Amino acid sequence: MKVAFVILHYMTTEDTVDCVNSILQNISYKDYEIIIVNNGSANDSSMLLHQAYDNNIKVHIIDSKVNLGFAKGNNLGFIYAKKIMNIDFVIMINNDTIINQDNFIEIVIKKYKAHKFDILGPDIISLIDNSHQNPYGIVNYSLNERKLKKVIFKYNIFILFNYLNLDQMMKKTFKIMRKKRNETDSNNENYKYEQSNVRLHGSCLVFSPDYVKKYNGLYDKTFLYMEEDILYYISKKEGLKMIYSPSVKILHKEDSSTNTLFDNKVMKRRFIYKNIRKSAIEFLKIIKDDQIYKMNILD
(Lines give C-alpha, C1' and ligand atoms only; values in the text may rest on other atoms or scores of the structure.)
Protein backbone atom coordinates (compact mmCIF):
# COMPACT_ATOMS: atom_id res chain seq x y z
CA MET A 1 0.00 0.00 0.00
CA LYS A 2 1.25 3.47 -0.89
CA VAL A 3 1.41 6.05 1.90
CA ALA A 4 1.84 9.83 1.80
CA PHE A 5 2.67 12.21 4.62
CA VAL A 6 1.08 15.62 3.98
CA ILE A 7 2.86 18.38 5.90
CA LEU A 8 1.46 21.91 5.93
CA HIS A 9 4.29 24.44 6.09
CA TYR A 10 4.04 28.08 7.06
CA MET A 11 7.17 30.16 7.69
CA THR A 12 8.86 27.90 10.26
CA THR A 13 11.55 26.18 8.18
CA GLU A 14 13.36 24.58 11.10
CA ASP A 15 10.20 22.81 12.29
CA THR A 16 9.37 21.52 8.82
CA VAL A 17 12.92 20.28 8.25
CA ASP A 18 12.90 18.53 11.64
CA CYS A 19 9.56 16.91 10.78
CA VAL A 20 10.59 15.78 7.28
CA ASN A 21 13.98 14.50 8.47
CA SER A 22 12.38 12.54 11.31
CA ILE A 23 10.38 10.64 8.68
CA LEU A 24 13.29 10.16 6.28
CA GLN A 25 15.62 9.00 9.03
CA ASN A 26 13.26 6.81 11.04
CA ILE A 27 10.49 5.32 8.91
CA SER A 28 11.40 1.78 7.80
CA TYR A 29 8.47 1.30 5.39
CA LYS A 30 9.64 1.72 1.81
CA ASP A 31 6.60 2.80 -0.21
CA TYR A 32 5.92 6.27 1.16
CA GLU A 33 6.08 9.84 -0.10
CA ILE A 34 6.28 13.20 1.65
CA ILE A 35 4.23 16.12 0.34
CA ILE A 36 5.09 19.55 1.77
CA VAL A 37 2.49 22.23 1.14
CA ASN A 38 4.09 25.66 1.44
CA ASN A 39 1.05 27.64 2.57
CA GLY A 40 1.86 31.12 1.26
CA SER A 41 4.90 31.69 3.48
CA ALA A 42 5.98 35.34 3.36
CA ASN A 43 9.67 34.61 3.91
CA ASP A 44 12.44 32.65 2.19
CA SER A 45 11.40 29.31 3.67
CA SER A 46 10.07 27.95 0.36
CA MET A 47 13.46 28.54 -1.28
CA LEU A 48 15.22 26.86 1.65
CA LEU A 49 12.93 23.83 1.47
CA HIS A 50 13.50 23.48 -2.28
CA GLN A 51 17.25 23.69 -1.71
CA ALA A 52 17.04 21.01 0.95
CA TYR A 53 14.74 18.52 -0.81
CA ASP A 54 14.51 19.07 -4.55
CA ASN A 55 17.01 16.25 -5.09
CA ASN A 56 15.16 13.85 -2.80
CA ILE A 57 12.77 11.68 -4.83
CA LYS A 58 10.56 11.03 -1.79
CA VAL A 59 9.86 14.70 -1.08
CA HIS A 60 7.44 16.78 -3.16
CA ILE A 61 6.86 20.49 -2.55
CA ILE A 62 3.67 22.29 -3.55
CA ASP A 63 3.80 26.08 -3.36
CA SER A 64 0.63 28.05 -2.72
CA LYS A 65 0.97 31.77 -3.40
CA VAL A 66 -1.48 32.60 -0.60
CA ASN A 67 -2.16 31.29 2.90
CA LEU A 68 -5.14 29.00 2.37
CA GLY A 69 -5.65 28.19 6.03
CA PHE A 70 -5.41 24.80 7.74
CA ALA A 71 -8.09 22.73 6.00
CA LYS A 72 -7.75 24.06 2.46
CA GLY A 73 -3.95 24.01 2.64
CA ASN A 74 -3.92 20.40 3.80
CA ASN A 75 -6.46 19.49 1.12
CA LEU A 76 -4.05 20.75 -1.53
CA GLY A 77 -1.65 18.01 -0.44
CA PHE A 78 -4.43 15.46 0.11
CA ILE A 79 -5.83 15.86 -3.42
CA TYR A 80 -2.32 15.79 -4.94
CA ALA A 81 -1.65 12.51 -3.11
CA LYS A 82 -4.98 11.06 -4.20
CA LYS A 83 -5.35 12.29 -7.78
CA ILE A 84 -1.73 12.54 -8.96
CA MET A 85 0.11 9.93 -6.90
CA ASN A 86 -2.67 7.35 -6.39
CA ILE A 87 -1.89 7.10 -2.68
CA ASP A 88 -3.78 4.64 -0.44
CA PHE A 89 -3.17 6.15 3.02
CA VAL A 90 -2.87 9.90 3.61
CA ILE A 91 -1.21 10.85 6.90
CA MET A 92 -1.88 14.52 7.57
CA ILE A 93 0.61 15.86 10.14
CA ASN A 94 1.53 19.31 11.44
CA ASN A 95 5.00 20.55 10.59
CA ASP A 96 5.78 20.88 14.31
CA THR A 97 5.57 17.12 14.86
CA ILE A 98 8.28 14.47 15.06
CA ILE A 99 8.05 10.75 14.25
CA ASN A 100 10.61 8.56 15.99
CA GLN A 101 8.72 5.27 15.56
CA ASP A 102 10.34 3.26 12.76
CA ASN A 103 7.33 0.95 12.33
CA PHE A 104 4.77 3.80 12.39
CA ILE A 105 3.31 2.89 8.98
CA GLU A 106 3.38 -0.86 9.57
CA ILE A 107 1.29 -0.43 12.73
CA VAL A 108 -1.16 1.86 10.90
CA ILE A 109 -1.66 -0.76 8.17
CA LYS A 110 -2.04 -3.51 10.77
CA LYS A 111 -4.70 -1.47 12.58
CA TYR A 112 -6.52 -0.85 9.30
CA LYS A 113 -6.62 -4.56 8.50
CA ALA A 114 -7.92 -5.29 12.01
CA HIS A 115 -10.48 -2.47 12.35
CA LYS A 116 -11.19 -1.15 8.84
CA PHE A 117 -11.08 2.39 10.24
CA ASP A 118 -11.73 5.49 8.17
CA ILE A 119 -9.65 7.84 10.32
CA LEU A 120 -7.01 6.98 12.93
CA GLY A 121 -5.45 9.21 15.55
CA PRO A 122 -2.16 8.24 17.26
CA ASP A 123 -0.92 8.91 20.76
CA ILE A 124 0.22 12.56 20.43
CA ILE A 125 2.72 13.47 23.12
CA SER A 126 3.34 17.16 23.80
CA LEU A 127 6.98 18.19 24.00
CA ILE A 128 5.92 21.12 26.19
CA ASP A 129 4.47 19.22 29.15
CA ASN A 130 4.47 15.52 28.12
CA SER A 131 0.66 15.50 28.08
CA HIS A 132 -1.22 13.12 25.79
CA GLN A 133 -3.43 15.03 23.35
CA ASN A 134 -5.53 12.12 22.09
CA PRO A 135 -8.32 11.22 22.37
CA TYR A 136 -9.16 14.91 22.03
CA GLY A 137 -11.52 15.93 24.83
CA ILE A 138 -14.16 14.04 26.73
CA VAL A 139 -15.78 10.86 25.46
CA ASN A 140 -18.97 11.39 23.42
CA TYR A 141 -18.22 15.11 23.13
CA SER A 142 -20.26 16.89 20.50
CA LEU A 143 -21.37 20.36 19.52
CA ASN A 144 -24.98 21.11 18.66
CA GLU A 145 -26.77 24.25 17.51
CA ARG A 146 -27.34 25.52 21.05
CA LYS A 147 -23.71 24.99 22.09
CA LEU A 148 -22.37 26.60 18.94
CA LYS A 149 -24.48 29.69 19.49
CA LYS A 150 -22.94 29.91 22.96
CA VAL A 151 -19.47 29.59 21.46
CA ILE A 152 -20.18 32.42 19.01
CA PHE A 153 -21.55 34.57 21.83
CA LYS A 154 -18.49 33.91 24.01
CA TYR A 155 -16.02 34.82 21.30
CA ASN A 156 -17.91 37.95 20.39
CA ILE A 157 -17.37 39.00 23.99
CA PHE A 158 -13.71 37.95 23.95
CA ILE A 159 -13.09 40.01 20.80
CA LEU A 160 -14.74 43.06 22.36
CA PHE A 161 -12.78 42.72 25.59
CA ASN A 162 -9.57 42.00 23.68
CA TYR A 163 -9.73 45.52 22.22
CA LEU A 164 -10.02 46.75 25.82
CA ASN A 165 -7.17 44.44 26.88
CA LEU A 166 -9.50 42.74 29.36
CA ASP A 167 -9.97 39.40 27.58
CA GLN A 168 -7.69 37.44 29.90
CA MET A 169 -10.00 38.28 32.76
CA MET A 170 -12.98 37.16 30.68
CA LYS A 171 -11.30 33.86 29.83
CA LYS A 172 -11.00 33.08 33.51
CA THR A 173 -14.62 34.06 34.02
CA PHE A 174 -15.83 31.69 31.31
CA LYS A 175 -13.44 28.95 32.47
CA ILE A 176 -12.29 27.92 29.03
CA MET A 177 -8.55 27.67 29.68
CA ARG A 178 -6.95 24.73 27.90
CA LYS A 179 -6.50 22.63 31.03
CA LYS A 180 -9.97 23.09 32.37
CA ARG A 181 -11.91 20.09 33.58
CA ASN A 182 -12.98 17.63 30.86
CA GLU A 183 -10.31 18.74 28.40
CA THR A 184 -7.34 16.54 27.47
CA ASP A 185 -4.44 17.22 29.84
CA SER A 186 -1.54 15.46 31.56
CA ASN A 187 -3.98 13.71 33.92
CA ASN A 188 -5.95 12.18 31.06
CA GLU A 189 -5.86 8.39 31.42
CA ASN A 190 -7.88 7.68 28.26
CA TYR A 191 -4.73 7.75 26.15
CA LYS A 192 -3.70 4.34 27.49
CA TYR A 193 -6.56 2.50 25.79
CA GLU A 194 -7.58 1.96 22.19
CA GLN A 195 -10.97 3.55 21.53
CA SER A 196 -13.46 3.89 18.70
CA ASN A 197 -15.50 6.87 17.53
CA VAL A 198 -13.77 9.52 19.61
CA ARG A 199 -12.79 13.04 18.61
CA LEU A 200 -9.20 13.15 17.34
CA HIS A 201 -6.56 15.87 17.56
CA GLY A 202 -5.83 17.58 14.23
CA SER A 203 -2.03 17.59 14.49
CA CYS A 204 -1.98 14.03 13.11
CA LEU A 205 -4.83 12.36 11.23
CA VAL A 206 -4.43 9.10 9.32
CA PHE A 207 -6.94 8.64 6.49
CA SER A 208 -7.48 5.09 5.28
CA PRO A 209 -7.95 3.95 1.64
CA ASP A 210 -11.72 3.86 2.28
CA TYR A 211 -11.77 7.54 3.28
CA VAL A 212 -9.35 8.60 0.53
CA LYS A 213 -11.49 6.98 -2.19
CA LYS A 214 -14.69 8.72 -1.08
CA TYR A 215 -13.56 12.15 0.17
CA ASN A 216 -11.26 14.99 -0.90
CA GLY A 217 -9.86 15.80 2.53
CA LEU A 218 -11.24 18.06 5.26
CA TYR A 219 -14.21 20.40 5.15
CA ASP A 220 -12.40 23.51 3.93
CA LYS A 221 -14.64 26.53 4.59
CA THR A 222 -12.82 27.34 7.85
CA PHE A 223 -9.46 29.11 7.99
CA LEU A 224 -8.23 27.81 11.33
CA TYR A 225 -9.70 26.08 14.42
CA MET A 226 -12.57 23.64 15.02
CA GLU A 227 -11.52 21.38 12.15
CA GLU A 228 -11.48 18.43 14.56
CA ASP A 229 -15.02 19.20 15.74
CA ILE A 230 -16.33 19.45 12.20
CA LEU A 231 -14.56 16.24 11.16
CA TYR A 232 -16.01 14.44 14.18
CA TYR A 233 -19.51 15.70 13.35
CA ILE A 234 -19.24 14.71 9.68
CA SER A 235 -17.85 11.30 10.62
CA LYS A 236 -20.83 10.61 12.86
CA LYS A 237 -23.27 11.77 10.17
CA GLU A 238 -21.55 9.67 7.51
CA GLY A 239 -21.16 6.60 9.74
CA LEU A 240 -17.36 6.69 9.54
CA LYS A 241 -15.16 4.81 11.98
CA MET A 242 -12.67 6.94 13.90
CA ILE A 243 -10.23 5.12 16.17
CA TYR A 244 -7.57 6.19 18.62
CA SER A 245 -4.59 3.84 18.90
CA PRO A 246 -1.94 4.31 21.61
CA SER A 247 0.39 1.93 19.76
CA VAL A 248 1.00 4.60 17.09
CA LYS A 249 2.97 7.54 18.48
CA ILE A 250 4.01 11.05 17.45
CA LEU A 251 5.63 14.00 19.25
CA HIS A 252 4.16 17.51 19.06
CA LYS A 253 5.94 20.84 19.67
CA GLU A 254 2.66 22.86 19.40
CA ASP A 255 1.61 26.22 17.89
CA SER A 256 4.85 27.15 16.14
CA SER A 257 3.17 28.54 13.00
CA THR A 258 0.67 30.64 14.98
CA ASN A 259 3.47 31.96 17.17
CA THR A 260 5.35 33.03 14.03
CA LEU A 261 2.41 35.18 12.93
CA PHE A 262 2.38 37.47 15.96
CA ASP A 263 4.93 38.96 18.33
CA ASN A 264 2.11 40.80 20.07
CA LYS A 265 0.20 38.48 22.42
CA VAL A 266 -2.92 40.65 22.34
CA MET A 267 -3.03 40.47 18.54
CA LYS A 268 -2.42 36.72 18.61
CA ARG A 269 -5.38 36.20 20.96
CA ARG A 270 -7.56 38.42 18.75
CA PHE A 271 -6.62 36.34 15.71
CA ILE A 272 -7.55 33.16 17.59
CA TYR A 273 -10.87 34.55 18.85
CA LYS A 274 -11.93 35.80 15.42
CA ASN A 275 -11.10 32.55 13.67
CA ILE A 276 -12.80 30.39 16.28
CA ARG A 277 -15.89 32.56 15.90
CA LYS A 278 -15.77 32.27 12.10
CA SER A 279 -15.35 28.50 12.33
CA ALA A 280 -18.26 28.20 14.77
CA ILE A 281 -20.47 30.18 12.38
CA GLU A 282 -19.46 27.86 9.53
CA PHE A 283 -20.08 24.80 11.70
CA LEU A 284 -23.54 26.11 12.52
CA LYS A 285 -24.31 26.26 8.78
CA ILE A 286 -23.36 22.59 8.43
CA ILE A 287 -25.60 21.52 11.30
CA LYS A 288 -28.53 23.37 9.74
CA ASP A 289 -27.91 21.87 6.29
CA ASP A 290 -25.88 18.67 5.82
CA GLN A 291 -25.76 19.22 2.06
CA ILE A 292 -23.21 21.98 2.66
CA TYR A 293 -20.53 19.58 3.83
CA LYS A 294 -21.53 16.87 1.34
CA MET A 295 -20.92 19.21 -1.59
CA ASN A 296 -17.60 20.26 -0.06
CA ILE A 297 -15.76 16.99 0.66
CA LEU A 298 -17.35 14.17 -1.35
CA ASP A 299 -15.40 13.14 -4.43
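In this chain, residues are counted from 1 in sequence order. The model shown is predicted, which means the values in this text are computed figures rather than measured ones.
Below 30°, between 30° and 60°, or above 60°: for Phe271 and Tyr225 the angle between ring planes is above 60°, a perpendicular geometry. By the 30° and 60° cut-offs, the orientation of the rings of Phe89 relative to Phe117 is tilted. Taking the six-membered ring where tryptophan is involved, the planes of Tyr273 and Tyr155 are tilted, since the angle between them lies from 30° to 60°.
Side-chain atoms of Leu298 and Lys214, non-hydrogen and from C-beta on, do get closer than 4.5 Å to each other. Put simply, the side chain of Val37 does not reach to within 4.5 Å of the side chain of Asn74, judged on heavy atoms. Considering only heavy atoms from C-beta on, Leu120 stays 4.5 Å or farther from Ser208 through its side chain. Annotation: side chain of Asp31 is not in contact with side chain of Met1 (no heavy-atom distance under 4.5 Å). Looking at Glu33 and Phe5, their side chains never come closer than 4.5 Å, going by heavy atoms from C-beta outward. Side-chain contact between Pro246 and Tyr191: absent, with no pair of heavy atoms (C-beta onward) separated by less than 4.5 Å. Side-chain contact between Lys110 and Glu106: absent, with no pair of heavy atoms (C-beta onward) separated by less than 4.5 Å. Using a 4.5 Å heavy-atom threshold, the side chains of Val212 and Asp88 count as separate.
Because its NZ or CZ atom is not both nearer than 6.0 Å to the ring centre of Phe158 and within 45° of the ring axis, Arg269 does not count as a cation-pi partner of that residue. Stacking of Lys237 on the aromatic ring of Tyr293 is not recorded, the 6.0 Å distance cut-off and the 45° axial limit not both being met. With Tyr232 as the aromatic partner, Arg199 does not meet the cation-pi criteria of under 6.0 angstrom to the ring centre and within 45 degrees of the ring axis.
At least one donor-acceptor pair closer than 3.5 Å links the side chain of Asn75 to the backbone N or O of Leu218. A donor-acceptor pair is defined here as one N or O able to donate and one able to accept, closer than 3.5 Å; no such pair exists between the side chain of Asp118 and the backbone of Phe207. A side-chain donor-acceptor contact under 3.5 Å links Asn264 to the backbone of Met267. When atom types are taken as modelled, the side chain of Ser126 and the backbone of Ile128 share a donor-acceptor pair closer than 3.5 angstrom. Between the side chain of Asn94 and the backbone N or O of Thr97 there is no donor-acceptor pair closer than 3.5 Å. Panel note: side chain Lys2, backbone Met85; a donor-acceptor pair is recorded below 3.5 Å. With hydrogens and angles ignored, the 3.5 Å screen pairs no side-chain donor or acceptor of Lys253 with any backbone N or O of Asp15. Counting only distance, with no hydrogens or angles, the side chain of Glu228 and the backbone of Gly202 share a donor-acceptor pair below 3.5 Å. In this structure, Thr222 contributes its side chain and Ser279 its backbone to no donor-acceptor pair below 3.5 Å. Panel note: side chain Tyr211, backbone Gly217; a donor-acceptor pair is recorded below 3.5 Å.
Defined by atom type and a distance below 3.5 Å, a donor-acceptor pair is present between the side-chain atoms of Thr12 and Asn95. A donor-acceptor pair shorter than 3.5 Å cannot be found between the side chains of Tyr215 and Asn296.
The line from CD1 of Ile230 to CG of Leu143 is 9.5 Å long, rounded to the nearest 0.5 Å. Atom CD of Gln101 is separated from atom CD1 of Ile250 by 9.5 Å, given to the nearest 0.5 angstrom. Atom CG in Asn156 sits 8.0 Å away from atom CZ in Phe153 (nearest 0.5 Å). To the nearest 0.5 Å, the span separating CG on Leu8 from CD1 on Ile93 amounts to 11.0 Å. Summarising the geometry, atom NE2 belonging to His50 is positioned 12.0 Å from atom CG belonging to Asn55; distances are rounded to the nearest 0.5 Å. Rounded to the nearest 0.5 angstrom, Leu148 CG and Tyr233 OH are separated by 9.5 Å.
Cluster annotation: Ile35 and Phe70 are assigned to the same hydrophobic cluster (Ile/Leu/Val/Met/Phe/Trp/Tyr, side-chain heavy-atom contacts under 4.5 Å, transitive). Under the 4.5 Å side-chain contact rule for hydrophobic residues, Leu68 and Leu49 do not share a cluster.
Shown are Lys192, His132, Gln133; of these, the side chain to side chain donor-acceptor pair (under 3.5 Å) with Asp123 is made only by His132. Partner of His9 under the side-chain contact (heavy atoms from CB on, under 4.5 Å) criterion, out of Ile61, Val17, Ile36: Ile36 alone.
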(request) May I have the step-by-step check of side-chain hydrogen bond (donor to acceptor under 3.5 Å, both in side chains) for Asp63 and Asn38, ending in yes or no? (result) CA-CA 5 Å; Asp63 287 299; Asn38 172 37; 3.0 Å; yes

(request) Assess whether side-chain contact (heavy atoms from CB on, under 4.5 Å) is satisfied between Thr13 and Thr16, documenting all intermediate values. (result) CA-CA 5 Å; Thr13 308; Thr16 301; 5.8 Å; no

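Taking the charged nitrogens against the carboxylate oxygens, Lys149 and Glu145 do have a contact shorter than 4.0 Å, which makes a salt bridge. Between Lys116 and Asp210 there is no salt bridge, since no side-chain nitrogen of the basic residue lies less than 4.0 Å from a carboxylate oxygen of the acidic one.
Under a cut-off of 6.0 angstrom, the local environment of CD in Glu14 is sparse, with at most 12 non-hydrogen atoms contributed by other residues, nucleotides or ligands. For Ile57, the CD1 atom sits in a loose shell: 12 or fewer heavy atoms of surrounding residues, nucleotides or ligands are nearer than 6.0 Å.
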